[in-house]
Amino acid sequence: MFGIGNMYNKDIEKIFNEIALMLSLNETPTSKFEIRAYQKAAFTIGTLQEPIEDIYKRGGAKALMELPGIGKTIAMHIEEYIKTGKIKKYEELKRKYPINMSELTSLTGMGAKKAIVLYKQLGIKNIEDLKKAIEEHKIEKLEKFGERSEDLIRRGIEIYEKSKGRMLLGDVFPIADNIVEKLLSSGLIDKIMVAGSIRRMRETVGDLDILAISDKQTQVMDFFISLNNVDKIVSKGPTKTTVWLKDGLSCDLRVIEPKSFGAAVQYFTGSKEHNIELRQIAISKGYKLNEYGLFDKRGKNIGGSDEKSIYEQLGLQYIPPEMREGRGELELAKEHKIPKIVELSDIQGDLHTHTKETDGANTIEEMVNEAKKLHYKYVAITNHTKSLKVAHGMNDNQFEEFFARMNKIDFGNIKVLKGAEVDILENGSLDLKDKTLEEMDCVVAAIHSKFSMSEDEMTVRVIKAFETGLVNIFAHPTGRLIGMREPYKINIEKVAEAAERNNVVLEINSFPNRLDLNDSNILLLSKYNIKFSIDTDSHRTTHLYYMRLGVGMARRGWLTKDKIINTLEYNQLMKILKK
DNA sequence: GCCGTTTTCGGCCCGACTGTTTTCAGTCG
């Protein structure tokens, strides 16, 4: 599932996006829409829940054509790629423009047209070439480029290299909070809100979108660019100012009129795909929707101050930001069938945490106290087991001793569950004696070694572990680390089937670089009758606050409270955890 | 190139800001 198979999706998505970019170079009146068609097809493929070759194998080109935005021509391209590994149309365009288009256009301010000017004038094919040209100050001498362009491209490359364009959601939150706090402290702002992908809780964030109401536009913008976190001003106007932050992230501040605030919040929260669909619904009802409001046929403003009412006026149920990804949520909203998705306040405890005994930074007392501050009813302490030597994993005796010590501690008004994050060994057995595991309240099992097995081997390994009957929760099921490590190859659907049979709960790990399962995994598995647990995998007290990230993933995966075991009261939870 | 309870042809989301210019194309979200 996450192995070779999904690579086709990524490759084809990239190829279609590149075709779109290259088509934009010799734009004729009709090709503008051809460009859009390829972009739309790329989006569809990029968000598919299963390998595209599976769809093709199942129903051929006909099945492909049932996907949104994919017609005869594009289906043929996909077929060609699956059969030959190549797409003729792409190869031809590539011969004409032999440059790394997706890499170059990922730079801020760089689109296809500028990229091709650089190629034709200086032979620049990729970011490496571009870096050299900048060092030699060749860019500023080009027509249509100036000193400022060169400067912005230089900074764009730095940011690209630092973060490959996006930062982890968990890293961006504090940055956003800090800016909001400072802006509010200026006393110039009546209302402020962070929109964009951070509001939708995407696992990585490309930039910050902050919206504010103020009658002192110029002063607000001047205050904004004077913040000490601002590295460079990209653009500055009365309604929109863009800066680069020292953290390596770009940040937009928009000052909005009160009567347009809801429309702006809706618009800048996105996603782009959601908004396009929403505008089409507006058009079908004879309205026009933009970031200033909702307008009727005569251009009369009929809404916009309040985000919720925009959805209502379009005959739609309100859609939580995390669901706004163009994945069918608008159809549900039309039928008023948007599920009541889980909220952070539903969470009653954390079932995956570590202490000093292994690789945690805090004592059990410190961890439990912090959990109490969050008003949790319970917390499970789940230290590593002996095979994980780097984390000082404990053996059976050490667990016995640790649990004996726990028995003597008065934790007060919170239940502290005895547990472990037990390694699933290469052969699918668990890293502790059955007896030790049987005595625990909460056994979390995980893969920490031998990541490079084949998909079949890994799937069998995990299912074997489930079949011991001793596993409560399967932690970070795909093993990916965002920006660092690909998921191991595993058939996650077979794992879900086994989880269903063996009453194993799948984890939604909230750690910022894990977020595993992620939203697409969750949506893919929604057809199985399984439960999830949203845990932080905390290694210090501050990590307990990552819970909101995991809840964000769950919300993006449309999960309701009843699917998540750590929303239960203690007694109910223990029934589920019983072996 | 895709698509259809307005359509198998004629539509396809829309506005702000920039740079290098003298009226706008390119880029972004």
Side-chain angles (χ1 to χ4, degrees), chain A residues 16 19-21 23-25 27-44 64-78 89 104-118 139-153 156 165 195-200 205-211 217 221 233-243 250-256 260 263-264 266-295 326:
Chain A
F16 286 167
I19 289 177
L21 285 163
L23 285 175
S24 73
L25 293 169
E27 198 169 316
T28 59
T30 55
S31 74
K32 195 167 103 194
F33 299 103
E34 193 181 339
I35 292 164
R36 204 167 288 166
Y38 276 99
Q39 285 169 337
K40 196 164 182 232
F43 174 76
T44 295
L64 296 174
M65 285 169 69
E66 277 167 27
L67 298 168
I70 293 175
K72 197 170 176 190
T73 307
I74 289 185
M76 288 301 150
H77 288 333
I78 298 170
K89 185 183 177 94
L104 285 168
T105 54
S106 72
L107 299 175
T108 306
M110 180 77 63
K113 298 206 171 123
K114 281 192 183 172
I116 221 64
V117 170
L118 292 174
I139 307 290
E140 61 180 24
K141 298 184 188 80
L142 291 179
E143 216 176 299
K144 301 255 182 193
F145 287 82
E147 199 180 324
R148 206 172 143 69
S149 316
E150 184 170 296
D151 213 33
L152 286 172
I153 292 170
S197 50
I198 192 169
R199 184 166 179 239
R200 302 199 317 278
V205 175
D207 57 10
L208 283 179
D209 289 295
I210 302 177
L211 309 180
Q217 286 182 326
M221 293 311 189
I233 300 153
V234 179
S235 66
K236 181 169 177 279
T239 63
K240 181 195 171 192
T241 293
T242 303
V243 301
S250 94
C251 176
D252 286 356
L253 175 66
R254 291 164 207 272
V255 175
I256 315 286
S260 298
Q266 193 291 314
Y267 181 80
F268 290 109
T269 295
S271 66
K272 195 173 146 198
E273 289 73 23
H274 174 89
N275 285 356
I276 288 173
E277 276 188 59
L278 190 66
R279 282 183 184 210
Q280 278 160 353
I281 290 171
I283 290 168
S284 73
K285 294 192 179 296
Y287 298 142
K288 187 177 88 161
L289 178 66
N290 59 27
E291 59 263 53
Y292 297 104
L294 188 62
F295 301 89

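As a basis for the values below, the full set of heavy atoms in this structure was taken, side chains included, without hydrogen atoms, waters or symmetry mates. Chain A is the first sequence line, chain B the second, and so forth, proteins listed ahead of strands; every chain is numbered from 1. Just so we're clear, the structure is a prediction, and the values are computed from it rather than from any experiment.
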What is the separation between atom [atom1] on [X] and atom [atom2] on [N], rounded to the nearest whole Å?
X	N	atom1	atom2	answer
A:Phe43	B:dC13	CZ	P	14 Å
A:Ile153	B:dT18	CD1	P	17 Å
A:Lys236	B:dT18	NZ	P	10 Å
A:Ile233	B:dC17	CD1	P	15 Å
A:Leu289	B:dC14	CG	P	10 Å
A:Lys32	B:dG11	NZ	P	13 Å
A:Glu34	B:dG11	CD	P	19 Å

What nucleotide, of [options], holds the atom closest to the side chain of [X]?
X	options	answer
A:Ser235	B:dG1, B:dC13, B:dT18	B:dT18
A:Phe33	B:dC12, B:dA16, B:dC17	B:dC12
A:Gln280	B:dC2, B:dA16, B:dC13	B:dC13
A:Thr73	B:dG15, B:dC2, B:dC13	B:dC2

Hey, is the side chain of [X] poking within less than 4.0 Å of OP1 or OP2 on [N], counting only N and O atoms?
X	N	value
A:Ser284	B:dT6	no
A:Asn290	B:dC14	no
A:Tyr292	B:dA16	yes

Atom [atom1], compared across [N] and [M]: separation rounded to whole Å:
N	M	atom1	answer
B:dC13	B:dT18	P	26 Å
B:dT7	B:dC12	P	16 Å
B:dT8	B:dG1	C1'	15 Å
B:dG26	B:dT21	C1'	14 Å
B:dC28	B:dT22	C1'	24 Å
B:dC9	B:dC17	P	43 Å

Every protein N/O within reach of nucleotides 3-5 of chain B N/O, cut-off under 3.5 Å:
unit_1	atom_1	unit_2	atom_2	d
B:dC3	OP1	A:Gly69	N	2.9

Where protein sits on nucleotides 23-29 of chain B, one letter per nucleotide: B base, S sugar-phosphate only, - none, heavy atoms under 4.0 Å: ---SSSB

Nearest-0.5 Å distance that lies between atom [atom1] in [X] and atom [atom2] in [Y]:
X	Y	atom1	atom2	answer
A:Thr105	A:Leu21	OG1	CG	4.5 Å
A:Phe16	A:Gln39	CZ	CD	12.5 Å
A:Thr241	A:Met221	OG1	CE	3.5 Å
A:Lys40	A:Phe33	NZ	CZ	13.5 Å
A:Tyr267	A:Leu289	OH	CG	9.5 Å

Pair A:Thr269, A:Arg199: side-chain N/O donor-acceptor within cut-off below 3.5 Å: yes

Test item: A:Ser271 side-chain N/O and A:His274 main-chain N/O as donor-acceptor pair under 3.5 Å: yes

A:Phe145 or A:Ala75, whichever maps to the more 5' nucleotide of DNA chain B: A:Ala75

Pairwise 5' ranking along DNA chain B for A:Glu150 and A:Lys288, keeping only the more 5' one: A:Lys288

Short N-O contact, A:Glu34 and A:Lys89, less than 4.0 angstrom: yes

Given A:Thr242, A:Asp209, A:Leu208, A:Val234, the one that forms side-chain contact (heavy atoms from CB on, under 4.5 Å) with A:Cys251: A:Leu208

Pairing nucleotide - B:dT8, Watson-Crick or G-U, each distance under 3.5 Å: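 For B:dT8, the partner nucleotide comes out as none, under the 3.5 Å rule.
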
Pair A:Tyr292-A:Ile256, side chain to side chain contact (heavy atoms under 4.5 Å, CB included): steps then yes or no: CA-CA 9 Å; A:Tyr292 297 104; A:Ile256 315 286; over 6 Å; no

Single hit among A:Gln266, A:Gln280, A:Glu291 for side chain to side chain donor-acceptor pair (under 3.5 Å) with A:Asn275: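 With A:Asn275 as partner, A:Gln266, A:Gln280, A:Glu291 yield a single side chain to side chain donor-acceptor pair (under 3.5 Å), made by A:Gln266.
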
